[in-house]
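Reviewing the structure listed below.
Just follow the structure's listing: the first ligand is 1, and inside any ligand the first atom is 1.
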Amino acid sequence: MTSIDYREFYIDGGWATPASTATIPVNSPTTEEAIGSVPRATTDDIDRAVAAARNAFDDPDGWSTWHPKQRAEVLERFAVEIEARAAETARLVSMQNGMPIWLAEQFEGGFPAVLVRYFSQLMVEAPEFDERPGMLGGSARVSRKPVGVVGAVVPWNVPQAITFLKLGPALAAGCTVVLKPAEETVLDAFLMAEAALAAGLPAGVVNVVPGGRDIGAYLVEHPGIDKVSFTGSTAAGRKIAETCGRLLRPVTLELGGKSAAILLDDVDLGASMESLFGATLLNNGQICWLNTRVLAPQSRYTEVVDAVTALAESLTIGDPLDPNTKIGPLVSARQRERVEGYIAKGKDEGARMTTGGGRPAGLDRGYFVQPTVFADLDNNATIAREEIFGPVLSIIPFADEAQALSIANDSEYGLGGSVWSSDLERAATLADKVRSGTVGVNHYTNDPVAPFGGIKSSGMGRELGPEGLHAFQNLHTVYLPPAG
Ligand code: NAD
């Protein structure tokens, strides 16, 4: 296979020579071989990218001042260029992080253009301002202004979809963006930059500068940044929140999770298994909202354990580029070590492992871990409390709905969750009481029209929906005097 190597950054509307010769090597988690490289950003490169975004935002006739319809025309061209690269984007993501290709085609190939169009349309349809009759005479004219230059820091697990949860609304709102992709998934970010260039996005509106944690921290703290939007670990989110607190800089944080799937006693297990896979083990267990705690009624506990165990055992493990693969490798050796550490911890603490626990037979290369299920543990076990970020599920029994709810809510996190029942109203009533940002009934899917995000250690702020657009806007009020 030919190596995919980029030599320049996308800064100020074109390809820019890096300040240093340092590179980020990209490895395949499937073959453990090198597949490409990109330049590694230094603080000088970040300075240049922020200056470009700053100039583009502050230009008195520039992007931020355009009518939403004008921006929508350019963003439509961007969506078309992204679509033209959708298959290659999916392939690159799958090669870099192990995401099964059928999922990469939906999430990474398909979702970005959908988000660009959705947020453009929201902006076009939004009233220019809201004029409110005053209580003290006169009126107040309330409008929304783009928040400014956005520093966007994204992780490796769903890199393009997460990038566009930020780029879509930020660009539609009139912001300009400096994007720092994660080191593990950089090739897709450069392909996206090619789409931006081909679409003729004005210079400086989007800039792509990959690097590690230090470079991310430098970007977050940069004086030229007006707003930070971050997705990743709770540990990094805490540090970023501290920096933004000190600087009084607005920040959106999408962090970790330990969500619960509550299976009620009238659940149709047979009919639920495919959707339950989507809610619990998608992307090799590497999604923040996955429902990795499965809460099962005592009356049907054995049946649930058997069904979930059978589900885990039915999943084809292998090359993520093979369309039949349901479980690919974890992103890196480090991530596999971490997941294997949690599996050992689960056993040490006395949980009963019903399947998995090791590396799959016949796959000597690649960071594979078998889908693993633990039963007979309570919610205090380490594996029930901490985010594992791998294909490891814990099945916890409950006596009644009240106890199920109390177990679901007994978590440091509050991002996703789901309730499964043959009675939709019963499930929806319970879902309403789950303390988290989002809860599904008989499935879990993030719909672009509704806000997505977490409470507690899962973060703050929301993405998607009109609320996700508002996250990139400042409210602005003009007081008009009484007539006469
Ligand atoms: P991470 O949070 O360390 O990295 C995510 C992104 O943030 C990367 O681009 C990284 O370079 C950057 N970053 C890290 N520390 C930073 C800092 N202090 N300032 C600015 N940028 C910083 O995540 P990771 O190390 O790749 O994964 C570790 C764990 O994070 C996973 O096991 C999982 O629990 C969690 N995670 C969550 C999500 C999510 O979508 N919520 C995504 C990836 C990882």
Side-chain angles (χ1 to χ4, degrees), residues 24 29 38 40-41 43 46 93 96-99 107-108 151-163 165-166 178-186 188-189 208-222 225 228-247 249 251-259 282-290 292 330-342 367 369 383 385-392 412-416 436-438 446 452-454 456-461 463-464:
I24 299 175
V38 302
R40 180 182 288 284
T43 53
I46 296 285
V93 170
Q96 294 171 102
N97 74 359
M99 180 184 292
F107 278 13
E108 304 291 273
V153 178
V154 298
W156 45 261
N157 61 332
V158 195
Q160 281 305 300
I162 291 174
T163 292
L165 292 180
K166 305 178 191 314
V178 177
L179 172 74
K180 193 210 78 68
E183 287 176 276
E184 293 84 349
T185 44
V186 279
D188 51 297
V208 181
V209 274
R213 289 172 182 206
D214 294 354
I215 269 319
Y218 184 77
L219 175 64
V220 163
E221 193 152 14
H222 202 288
I225 296 291
V228 172
S229 185
F230 172 77
T231 299
S233 63
T234 295
R238 246 182 250 288
K239 287 190 192 135
I240 290 169
E242 278 171 23
T243 303
C244 291
R246 175 163 47 80
L247 297 172
R249 183 166 291 170
V251 60
T252 299
L253 300 168
E254 296 292 355
L255 310 177
K258 193 77 202 177
S259 304
L282 210 60
N283 200 26
N284 320 326
Q286 298 176 139
I287 306 182
C288 48
W289 50 252
L290 284 174
T292 51
L330 298 180
V331 69
S332 61
R334 183 178 69 121
Q335 191 67 16
R336 179 171 63 178
E337 223 171 273
R338 177 187 153 99
V339 171
E340 288 179 336
Y342 275 111
Y367 310 123
V369 172
I383 56 168
R385 302 209 77 80
E386 298 184 9
E387 184 179 52
I388 298 174
F389 234 58
V392 182
E412 178 198 339
Y413 297 104
L415 187 54
S436 84
T438 55
N446 303 136
F452 166 75
K456 301 191 271 185
S457 293
S458 292
M460 46 197 192
E463 295 186 307
L464 293 176

Quiz prompt | Contact atoms of ligand 1, heavy-atom distance to Ala182 under 4.0 Å | solution = 8 (C), 9 (O)
Quiz item: Using heavy atoms and a threshold below 4.0 Å, how should the contact between Val154 and ligand 1 be classified: side chain, backbone, both, or neither?
Solution: backbone
Exercise. Pull out every atom of ligand 1 sitting under 4.0 Å from any heavy atom of Gln335, numbered as shown with elements.
Key: 32 (O)
Quiz item: Could you state the interatomic distance from CD1 (Ile46) to CD1 (Ile225), rounded to the nearest 0.5 Å?
Solution: 8.5 Å
Quiz prompt | Selected option - heavy-atom contact closest to atom 10 (C) of ligand 1, from Glu254, Arg238, Lys180, Glu184 | solution = Lys180
Quiz prompt | Closest protein heavy atom (residue, atom, distance) for atom 14 (C) of ligand 1 | solution = Arg213 CG, 3.3 Å
Quiz item: Non-hydrogen atoms of Phe230 versus ligand 1: any pair closer than 4.0 Å?
Solution: yes
Quiz item: Which ligand 1 atoms, with their elements, are less than 4.0 angstrom from a heavy-atom of Thr231?
Solution: 39 (C), 40 (O)
Exercise. May I ask you to check if ligand 1 and Glu387 share an N or O to N or O distance below 3.5 Å?
Key: yes
Exercise. For residues Lys258 and Arg385, determine if any side-chain heavy atom of one lies less than 4.5 Å from a side-chain heavy atom of the other.
Key: no
Quiz item: For atom 41 (N) of ligand 1, which candidate among Leu255, Leu179, Val339 provides the closest heavy atom?
Solution: Leu255
Quiz item: Less than 6.0 Å separating the ring centroids of Trp289 and Phe389?
Solution: no
Quiz item: Counting from 1, what ligand 1 atoms have a heavy atom of Gly212 closer than 4.0 Å?
Solution: 11 (O)
Quiz item: Hey, is Arg334 touching ligand 1 through its side chain, its backbone, both or neither, going by heavy atoms under 4.0 Å?
Solution: side chain
Quiz item: Given Ser233, Pro181, Gly151, Gly216, which has its nearest heavy atom closest to atom 20 (C) of ligand 1?
Solution: Gly216
Quiz item: At a 4.0 Å threshold, what atoms of ligand 1 neighbour a non-hydrogen atom of Arg338?
Solution: 32 (O), 34 (O)
Quiz prompt | Minimum heavy-atom distance between Val208 and Pro181, given as atom pair plus value | solution = CG1-CG, 4.0 Å
Practice problem: Mark up the atoms of ligand 1 that fall under 4.0 Å of a heavy atom belonging to Ala236, in ascending order. | Solution: 2 (O), 14 (C), 15 (N), 16 (C)
Exercise. From the options Val153, Leu330, Ile162, Leu290, select the one whose nearest heavy atom is closest to atom 12 (C) of ligand 1.
Key: Val153
Quiz item: Of all the atoms in ligand 1, which lie at a distance below 4.0 Å from a heavy atom belonging to Cys288?
Solution: 39 (C), 40 (O), 41 (N)
Self-check item: Flag: protein heavy atom within less than 4.0 Å of atom 32 (O) of ligand 1
Solution: yes
Quiz item: Can you tell me which residue and heavy atom of the protein come closest to atom 27 (O) of ligand 1, and the distance to 0.1 Å?
Solution: Trp156 NE1, 3.8 Å
